[in-house]
Protein chains: 2
Amino acid sequence: MTDQSATTGVTDRPSDGNVAGTAARSAERVQDFLDRAVPGTPCLVMDLTAVRERYAQLRAALPDARICYAVKANPMPEVVAALAELGSSFDVASPGEIDLCLAHGAEPGSISYGNTIKKRADIARAHEQGVRLFATDSDADLTAIAEAAPGARVFCRVLVDNKGSRTPFGRKFGCPPETAVHLLVRAAELGLDPYGVSFHIGSQQHDATAWEHGLRAANEVFRGAAEHGVRPRMVNLGGGLPAHYTDSAPPLQDYARRIEQALDREFGDERPELLVEPGRRLVGDAGVLRSEVVLATPETGSDRRWIYLDVGRYNGLAETEGEAITYRLRTSRDGDPTGPVVLAGPTCDGDDVIYQHTRYELPLTLGAGDTVDLLSAGAYTASYASVGFNGFPPLPTYCIDGHERS
Amino acid sequence: MTDQSATTGVTDRPSDGNVAGTAARSAERVQDFLDRAVPGTPCLVMDLTAVRERYAQLRAALPDARICYAVKANPMPEVVAALAELGSSFDVASPGEIDLCLAHGAEPGSISYGNTIKKRADIARAHEQGVRLFATDSDADLTAIAEAAPGARVFCRVLVDNKGSRTPFGRKFGCPPETAVHLLVRAAELGLDPYGVSFHIGSQQHDATAWEHGLRAANEVFRGAAEHGVRPRMVNLGGGLPAHYTDSAPPLQDYARRIEQALDREFGDERPELLVEPGRRLVGDAGVLRSEVVLATPETGSDRRWIYLDVGRYNGLAETEGEAITYRLRTSRDGDPTGPVVLAGPTCDGDDVIYQHTRYELPLTLGAGDTVDLLSAGAYTASYASVGFNGFPPLPTYCIDGHERS
């Protein structure tokens, strides 16, 4: 646990009262699995029931938005299958993710090829597989779509401010609204369906008002395109909805209300179709990463201890780069007196330090062989793991769903 | 190519005259393979002959040092086997690397367990496999070694300045000299062999004088231990010897001369046994990473273009984090007029940008389908790749050795 976080990690934020009960029950299921199966460490345990509950919560909060699960957040086949059964659509980044979705229950029509960086051969392959919806943000990509996926629907990604995000995108994706107008008009000329506009306000977004900028930009593109006789009809709200790390984000209802207000203000009665691309939101809180303490040593000249875990930046905790994502922790020594720690991973790499600037306190009794659980670790962990850096294997994932699967 | 680098990438630094010819022949062999096999991209091509040549060069430069290849730099079985055949020893970080070495020709006695972060069970397993040499830097780890590997040789890692390194270690590893004295004395008390001292001046070290600090610290530990009747007899020079990226490092002979001078100054006639742990030095220049341009687009409001490759930070180029390692580039459009670029990877991740602050220029004609080769990419690339982030597979490696193996 940290000085910023809940002590048990099994309750959700008090302000999100409606999910506190489900979070507590999920924690019990995971704990029960860990107690019974005693899996080797490190490992990730995903509670599929919690994934379904998060989907239902989002469904209720944004009732008319088509939910496209961002597969990259956790591409476990069981997760994809569970969401496909609920009728989810899917936001994919690559041919590999398309194959995964199609193999686990997704219909081709439910797939949105959301990566603006695509090889022409990959566009053609997706089109042959029945994918009909593509993101774009450049002339070169649009031309490739027109040639390799004739007649497809396209949406154009506009660049918006990522302030408030723990993992902002920089300038890699998206174009200014005037370019988006040009691209949608050109899409129509090329025989494509100029379907709409997308934006992404940055992952793990803590500012519920952040979507306002994106919706304003989307409206600007809609109006600009209309001046050329092109009428986009969809707005893709992207991702950014948070999971529960040490720093509290507002409850989901606040995000939904702010988005609703901005939609009213920008579009009034001409409400567009909506898409949303949750990744972290659906799977983050559904996962617990169990690790073991390898070594605990005092730091020379300070009162801190270095706690080395058997998981680090290269076998599951990639999002601790720059200490961007600060997981809540639970240890097998909780309740004992605590002191400040540096947390580090097991490799011989000097960058494999998890937290040295963020203040964490852990029990003074914690030593080799004790367990440290990283909570809400279901997103962007196992799929980031290296194939075997320093000879450490990738992070195994166990999905629990009444019965266990590995 | 960049404005800082050689234009062809096939010649070595002029100051390293003795290796220029071998580097040119290696480039020819790799090019021949790429022309004939036309492998899918991205992929890494390793020239085993070049690995052997680098080993021989280092053998000549530091004739009495035991060479322990740092397996983490490139754990391809073919690389390990080629070095084992030459009589190399191995520096390993994990049980996985021990198994790899033993399976590909290494003797247990040639293995140094160089990670100071070890589970007791892993120490015991290594000891059962015949490993007898262990790094340490803490009381807790030393105690575990004494219990799980009784009688083993240990060397203590001291913390030294990493100035001049492109990838410094921070404070994760090593202890002050006075702690090292304590640990070696205690090792003797625990029935271990207090064999020596190690240090690491940081990977890709550009300052040939950097080893002086480490050798001074090693001498301090030797003298301190002697006061307690304990006589360490080995100095492990660690890694840090450079590969050839855009910024030139001094030739190998300069490093060897500086190390020799410092050894004379610190130890005089009582010259210790020497170990050296080259990783990057042996395999970096032996690899070429071939990638393909996915998309080339102008950047709004600048004269730069964004060149998106099918390789990025998550499928091979992890060391471009912070733009620490700047690879030399070669493209299928070399010779055409050039302009400034940002280089980025293929995933939907905003951090998957390769170079945006380092100035690179590439041909203005470069577009989708053209190839970009990253030279001297044999170290810390394929083994860092994620298992499948964004659905992109890990980086395949081809080893060429007269005949090809994949």
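Below, each value reflects all heavy atoms present in this structure, side chains not excepted, and no hydrogens, waters or symmetry copies. In what follows, every chain begins at residue 1, and chains take the letters A, B, ... in the order their sequences are listed.
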(request) Check whether B/Asp349 gets within reach of chain A through its side chain, its backbone, both or neither, counting any heavy atom under 4.5 Å. (result) both

(request) With the side chain counted from C-beta on, respond yes when A/Tyr355 and A/Val342 share a heavy-atom pair under 4.5 Å apart, and no when they do not. (result) no

(message) At a 4.5 Å cut-off on heavy atoms, which part of B/Leu100 comes close to chain A: side chain, backbone, both, or neither?
(response) neither

(request) Using atom types as modelled and distance alone, determine if a side-chain donor or acceptor of B/Asn315 lies under 3.5 Å from a backbone N or O of B/Asp310. (result) yes

(request) Look at B/Glu97, B/His200, B/Lys118 and state which one has the largest set of heavy-atom pairs under 4.5 Å with chain A. (result) B/Glu97

(request) Side chain from CB out, backbone as N, CA, C, O: work out which of these in B/Thr41 comes under 4.5 Å of a heavy atom of chain A, or both, or neither. (result) both

(message) Between B/Thr347 and chain A, with a heavy-atom cut-off of 4.5 Å, which part of the residue counts as in contact: side chain, backbone, both or neither?
(response) both

(request) Could you check A/Lys172 against A/Asp137 for salt bridge (charged side-chain N to carboxylate O under 4.0 Å, His left out), going step by step and ending with a plain yes or no? (result) CA-CA 10 Å; A/Lys172 186 176 176 187; A/Asp137 66 0; over 6 Å; no

(message) Taking side chain as everything from C-beta outward and backbone as N, CA, C, O, which of these in B/Glu292 sits under 4.5 Å from a heavy atom of chain A? Side chain, backbone, both or neither.
(response) side chain

(request) Could you give me the CA-CA distance, side-chain angles and deciding distance for A/Asp351 and A/Arg313, then say whether salt bridge (charged side-chain N to carboxylate O under 4.0 Å, His left out) is met? (result) CA-CA 8 Å; A/Asp351 287 330; A/Arg313 277 194 51 201; 5.1 Å; no

(request) Sort out for me which residue in A/Leu159, A/Val221, A/Leu183 forms a side chain to side chain contact (heavy atoms under 4.5 Å, CB included) with A/Cys175. (result) A/Leu183

(request) Counting only heavy atoms closer than 4.5 Å, note whether B/Ala382 contacts chain A via side chain, backbone, both or neither. (result) backbone

(request) Without swapping roles, check the side chain of A/Ser165 against the backbone of A/Ser203 for a donor-acceptor pair under 3.5 Å. (result) yes

(request) Inspect the contact between A/Arg157 and A/Asp141 and indicate whether a charged nitrogen and a carboxylate oxygen are less than 4.0 angstrom apart. (result) no

(request) Report the option among B/Ala385, B/Gly388, B/Ala296, B/Ala344 that has the most heavy-atom pairs separated by less than 4.5 Å from atoms of chain A. (result) B/Ala385

(request) I would like to know whether A/Tyr314 and B/Tyr384 meet ring-ring contact (aromatic ring centres under 6.0 Å, His included); could you show each step before the answer? (result) CA-CA 7 Å; A/Tyr314 303 107; B/Tyr384 258 117; 5.2 Å; yes

(request) Could you tell me which portion of B/Ala140 (side chain, backbone, both or neither) has an atom closer than 4.5 angstrom to a non-hydrogen atom of chain A? (result) both

(message) Looking at chain A, which one of B/Asp122, B/Asn115, B/Thr297 has the largest number of heavy-atom pairs inside 4.5 Å, strictly under?
(response) B/Asn115

(message) Let's test your reading of the structure: which of B/Ser386, B/Ala70, B/Gly202 forms the most heavy-atom pairs below 4.5 Å with chain A?
(response) B/Ser386

(request) Spell out, as yes or no, whether a donor-acceptor pair under 3.5 Å connects the side chain of A/Asp352 to the backbone of A/Gly312. (result) no

(request) Report, by ascending residue number, the residues of residues 300-307 of chain B in heavy-atom contact with chain A at a distance under 4.5 Å; give 'none' if the set is empty. (result) B/Thr300, B/Trp306

(request) Taking A/Tyr380 for its side chain and A/Gly279 for its backbone only, find out whether a donor-acceptor pair lies under 3.5 Å. (result) no

(request) Using non-hydrogen atoms and a 4.5 Å limit, figure out which bit of B/Val387 sits close to chain A: side chain, backbone, both or neither. (result) both

(message) Keeping B/Ser94 on the side-chain end and A/Asn390 on the backbone end, is there a donor-acceptor pair under 3.5 Å?
(response) yes

(request) Sort out for me which of B/Pro176, B/Gly170, B/Gly114 touches chain A most, counting heavy-atom pairs under 4.5 Å. (result) B/Pro176

(message) If we ignore hydrogens and angles and just use 3.5 Å, is the side chain of B/Glu323 paired with the main-chain N or O of B/Gln356 as donor and acceptor?
(response) yes

